[in-house]
Asker: 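Quick one: the structure is below, questions incoming.
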Amino acid sequence: MNYDVKDIALAKEGKLRIEWANQSMPVLNRIKDRFRKEKPFKGVRIGACLHVTTETASLMQTLKAGGAAVALCASNPLSTQDDAAASLVKNDAIPVFAIKGEDHKTYYRHINAVLDTLPQFTMDDGADLVSTLHSERSDLIDQVKGGTEETTTGIIRLRSMAATGVLKYPIIAVNDAQTKHFFDNRYGTGQSTVDGIIRATNRMIAGSNFVVCGYGWCGRGLAMRARGMGANVIVTEVDAVAALEAVMDGLRVMPIREAAKIGDFFCTVTGNLNVIRKEHFKLMKDGAIVCNSGHFNVEIDLEGLAALSTSKRRIRPFVEEFQIGKTQRIYVLGEGRLINLAAAEGHPSSVMDMSFANQALSIEYMVKLKKRLDNDVYPVPWEIDSAIAREKLADMGIAIDRLTREQKQYLASWSMGT
Ligand SMILES: NC(=O)c1ccc[n+]([C@@H]2O[C@H](COP(=O)([O-])OP(=O)(O)OC[C@H]3O[C@@H](n4cnc5c(N)ncnc54)[C@H](O)[C@@H]3O)[C@@H](O)[C@H]2O)c1
């Protein structure tokens, strides 16, 4: 079997950590048990480009239990957990091409290695696999029947491909399932981003000015958790409704050029580029800590920062010090890549349980469809989304009420008023 991981000897440690993650993934485990019996993916090849974590390992095991031939590469050069990668190769015979800290060339070599397995379905996080397939390996597209996309940034790219007629097969937008972004983007990113910042810096959050750039799903979660740890949270936004929501959530909202002067921590979660730029770095306090938890490392203008700096050094793992003039130091965490995966372990398993249940069931839905969908981006079917929520609640031992017949009638009628 062809693979490329850092050290296969890490498999033992990886196996234990995958087992630990599995314990908090009851919904996916139940799907895995059903797949094992029903084998919905018999003879199906799936190419996955996801953060190679213990939770992703559980998803790969689930697809394999369903009979799929799976190959996996990383969706970010810094997010791979080398032990999980080794364990998938050694204990599950799944080809993995991912090494934490791999350079740009290796990252794309690994994506191409997954494409070499001739996938019929793609599972992407950020759309690098799909865009490489369309731009450099278009000879392989005809055999691809469909795919899924995990994150906001990927959906934006794929919608743009569909709108310009470039997309050559249908994709299900897993990110847009309510049981995905309501929980993964908000609570998952919220907790794990604070975790990544603390692991990288060991600095005190309480009492600090914590600037969150972008008040979307991820930004709301991050702001909520930073506030919970005692920070004075400041939000920057470009969208009036999102900014208003932050104000009504009790947060300070101001432009980044104002926030730059007072922030102790800055974290971008916008999915946009150059949100913190040269002119903002110049205004920052000595010792300001800057990081990103959006998908790509383009949210912070690192080239601009390097151009301003007289020197740069790594002061501790995941912390780079940029010296500007004699009196100003700026610290960038995790090379501006998603800090929750670079310095911490990504989202907790219990939240990935729902995201990856959506992945597994969306691929099954596509495999079982009699008619091929058009080349567009589709929502996760509502039946899948709501079934996952029901199962998750049941696993938490929480029961909810049911509509009475009278209530159903009332909600469906227009005639009953005051
Ligand atoms: N770190 C993780 O594990 C993780 C998890 C899920 C999503 N993501 C990524 O995080 C990013 C955000 O995802 P989301 O679901 O919150 O998206 P979203 O669309 O809900 O929110 C993005 C917000 O950023 C705002 N924004 C855009 N440009 C801005 C600018 N220049 N300054 C300030 N605000 C700006 C938008 O108005 C919007 O409110 C995406 O790249 C997504 O792929 C990361």
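Since the structure is predicted, the reported quantities are computational estimates derived from the model, not experimental observations. Index from 1, following the sequence. Values below: every heavy atom of this structure, side chains too, minus hydrogens, waters and symmetry copies.
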Asker: Give a yes or no on whether the backbone of Glu303 and the side-chain of Lys278 come within a donor-acceptor separation of less than 3.5 Å.
Answerer: no
Asker: To the nearest 0.5 Å, what is the distance between CG on Asp124 and CG on Leu158?
Answerer: 7.0 Å
Asker: With a 3.5 Å cut-off and no angle check, do the side chains of Asn185 and Thr189 form a donor-acceptor pair?
Answerer: no
Asker: Looking at Asp286 and Arg329, would you say the former's side chain and the latter's main chain have a donor-acceptor pair under 3.5 Å?
Answerer: yes
Asker: Can you name the closest pair of heavy atoms from Ile99 and Val5 and give their distance?
Answerer: CG1-C, 3.8 Å
Asker: More than 12 non-hydrogen atoms from neighbouring residues, nucleotides or ligands closer than 6.0 Å to CE on Met1, yes or no?
Answerer: yes
Asker: Are any of the side-chain heavy atoms of Leu129 and Met123 separated by less than 4.5 Å?
Answerer: no
Asker: How close do His110 and Cys73 get, heavy atom to heavy atom, and via which atoms?
Answerer: O-CB, 3.7 Å
Asker: Does the side chain of Asp264 come under 3.5 Å of the side chain of Ser208 through a donor N or O and an acceptor N or O?
Answerer: no
Asker: Within the 4.5 Å heavy-atom criterion, are Thr56 and Met352 side-chain neighbours or not?
Answerer: no
Asker: Could you state the interatomic distance from CZ (Phe266) to CZ (Phe281), rounded to the nearest 0.5 Å?
Answerer: 9.0 Å
Asker: Stepwise, does the salt bridge (Lys or Arg N to Asp or Glu O under 4.0 Å) test hold for Arg109 with Asp4?
Answerer: CA-CA 10 Å; Arg109 182 164 56 76; Asp4 192 15; 3.6 Å; yes
Asker: Assess whether a salt bridge exists between Asp385 and Lys180, defined as any Lys/Arg side-chain N lying under 4.0 Å from an Asp/Glu carboxylate O.
Answerer: no
Asker: Grab the two heavy atoms, one from Leu28 and one from Asp353, that are nearest each other, plus how far apart they are.
Answerer: N-OD1, 2.8 Å
Asker: When the ring planes of Trp217 and His181 are compared, do they come out parallel, tilted or perpendicular, using 30° and 60° as the limits?
Answerer: perpendicular
Asker: May I ask you to check whether Phe35 and Phe41 place their ring centers less than 6.0 Å from one another?
Answerer: yes
Asker: Could you tell me which non-hydrogen atom of Phe210 sits nearest to which non-hydrogen atom of Cys267, and how far apart they are?
Answerer: CE2-CB, 4.4 Å
Asker: Determine whether Cys213 and Ile276 make a side-chain contact, defined as any pair of heavy atoms from C-beta on separated by less than 4.5 Å.
Answerer: yes
Asker: Taking Tyr3 for its side chain and Ala93 for its backbone only, find out whether a donor-acceptor pair lies under 3.5 Å.
Answerer: no
Asker: Between Tyr215 and Glu237, do the side chains contain a donor N or O and an acceptor N or O under 3.5 Å apart?
Answerer: no
Asker: Aromatic contact between His347 and Phe356, with the criterion being ring centroids under 6.0 Å apart: yes or no?
Answerer: no
Asker: Testing Lys37, Arg30, Arg36 one by one against Asp33 for a salt bridge (Lys or Arg N to Asp or Glu O under 4.0 Å), which residue passes?
Answerer: Arg36
Asker: So, Gln323 and Ser309: side-chain donor and acceptor under 3.5 Å apart, yes or no?
Answerer: no
Asker: Measure from the side-chain N and O atoms of Asn29 to the backbone N and O of Met25, and report whether any donor-acceptor pair falls under 3.5 Å.
Answerer: yes
Asker: Under a 3.5 Å threshold, yes or no: a donor from one side chain and an acceptor from the other, between Ser293 and Thr193?
Answerer: yes
Asker: Charged N to carboxylate O under 4.0 angstrom, Lys168 versus Asp142?
Answerer: no
Asker: Charged N to carboxylate O below 4.0 Å: is that the case for Glu364 and Lys368?
Answerer: yes
Asker: Once you round to the nearest 0.5 Å, how far does CG of Asp184 lie from CD of Glu55?
Answerer: 10.5 Å
Asker: What distance separates Ser350 OG from Gln23 CD, expressed to the nearest 0.5 Å?
Answerer: 12.5 Å
Asker: Hey, is the main chain of Gln359 close enough, under 3.5 Å, to the side chain of Ser362 for a donor-acceptor pair?
Answerer: no
Asker: Do Arg277 and Asp301 sit within salt-bridge range, that is, some charged N less than 4.0 Å from a carboxylate O?
Answerer: no
Asker: Quick one: do His280 and Arg257 satisfy side-chain contact (heavy atoms from CB on, under 4.5 Å)? Show the steps, please.
Answerer: CA-CA 6 Å; His280 307 130; Arg257 67 171 181 281; 4.1 Å; yes
Asker: Would you say Arg337 and Asn292 are linked by a side-chain donor-acceptor pair, where the criterion is simply a distance under 3.5 Å?
Answerer: no
Asker: Walk me through it: do Tyr169 and His134 pass the test ring pair (Phe, Tyr, Trp, His ring centres under 6.0 Å)?
Answerer: CA-CA 10 Å; Tyr169 60 89; His134 281 70; 5.6 Å; yes
Asker: Under the side-chain contact (heavy atoms from CB on, under 4.5 Å) rule, what do Asn76 and His51 come out as? Steps first, then yes or no, please.
Answerer: CA-CA 6 Å; Asn76 186 288; His51 299 297; 3.7 Å; yes
Asker: How long is the gap from CG on Leu273 to CG on Asn297, to the nearest 0.5 Å?
Answerer: 10.5 Å
Asker: Walk me through it: do Asn22 and Lys32 pass the test side-chain contact (heavy atoms from CB on, under 4.5 Å)?
Answerer: CA-CA 11 Å; Asn22 264 328; Lys32 192 187 293 172; 3.5 Å; yes
Asker: Salt bridge check: are Arg199 and Glu345 linked by an N-O gap of less than 4.0 Å?
Answerer: yes
Asker: Would you tell me whether Gln81 and Thr53 have side-chain atoms, one donor and one acceptor, within less than 3.5 Å of each other?
Answerer: no
Asker: Nearest 0.5 Å, what's the CD1-CE distance between Ile171 and Met366?
Answerer: 7.0 Å
Asker: Do NZ/NE/NH1/NH2 and the carboxylate oxygens of Arg220 and Glu245 come within less than 4.0 Å?
Answerer: yes
Asker: Between Ser131 (side chain) and Ala127 (backbone), is there a donor-acceptor pair under 3.5 Å?
Answerer: yes
Asker: Looking at Asp92 and Lys64, is any side-chain nitrogen of the basic one under 4.0 Å from a carboxylate oxygen of the acidic one?
Answerer: no
Asker: Return yes if some donor-acceptor pair links the side-chain N/O of Ser87 with the main-chain N/O of Asp83 below 3.5 Å, else return no.
Answerer: no
Asker: Quick one: do Arg45 and Gln143 satisfy side-chain contact (heavy atoms from CB on, under 4.5 Å)? Show the steps, please.
Answerer: CA-CA 10 Å; Arg45 295 185 302 277; Gln143 77 204 347; 4.2 Å; yes
Asker: Shortest non-hydrogen contact from Val377 to Ala162?
Answerer: CG2-CB, 4.5 Å
Asker: Quick check: do Leu305 and Ile324 have side-chain heavy atoms less than 4.5 Å from each other?
Answerer: yes
Asker: So, does Asn209 use its side chain to make a donor-acceptor pair with the main chain of Ile262 at under 3.5 Å?
Answerer: yes
Asker: Please determine, by modelled atom types, if Asp195 and Ser192 share a side-chain donor-acceptor pair under 3.5 angstrom.
Answerer: no
Asker: Are side-chain heavy atoms of Ile46 and Met60 found at a separation under 4.5 Å?
Answerer: no
Asker: Which heavy atom of Arg227 sits nearest to which heavy atom of Leu251, and what is that distance?
Answerer: NH1-CD2, 3.8 Å
Asker: Could you tell me if the side chain of Val27 sits less than 4.5 Å from the side chain of Asp395, heavy atoms only?
Answerer: yes
Asker: Using a 6.0 Å cut-off, check whether atom NZ of Lys90 has over 12 heavy atoms from anything other than its own residue.
Answerer: no
Asker: Evaluate Lys100 against Asp82 for salt bridge (Lys or Arg N to Asp or Glu O under 4.0 Å), listing each step before the verdict.
Answerer: CA-CA 6 Å; Lys100 186 173 176 109; Asp82 291 314; over 6 Å; no
Asker: Any side-chain heavy-atom pair from Val211 and Phe265 closer than 4.5 angstrom?
Answerer: no
Asker: Does the distance from a Lys or Arg side-chain N to an Asp or Glu carboxylate O, for Asp128 and Arg157, drop under 4.0 Å?
Answerer: yes
Asker: Under 3.5 Å, is there a donor on one side chain and an acceptor on the other for Asn358 and Thr179?
Answerer: yes
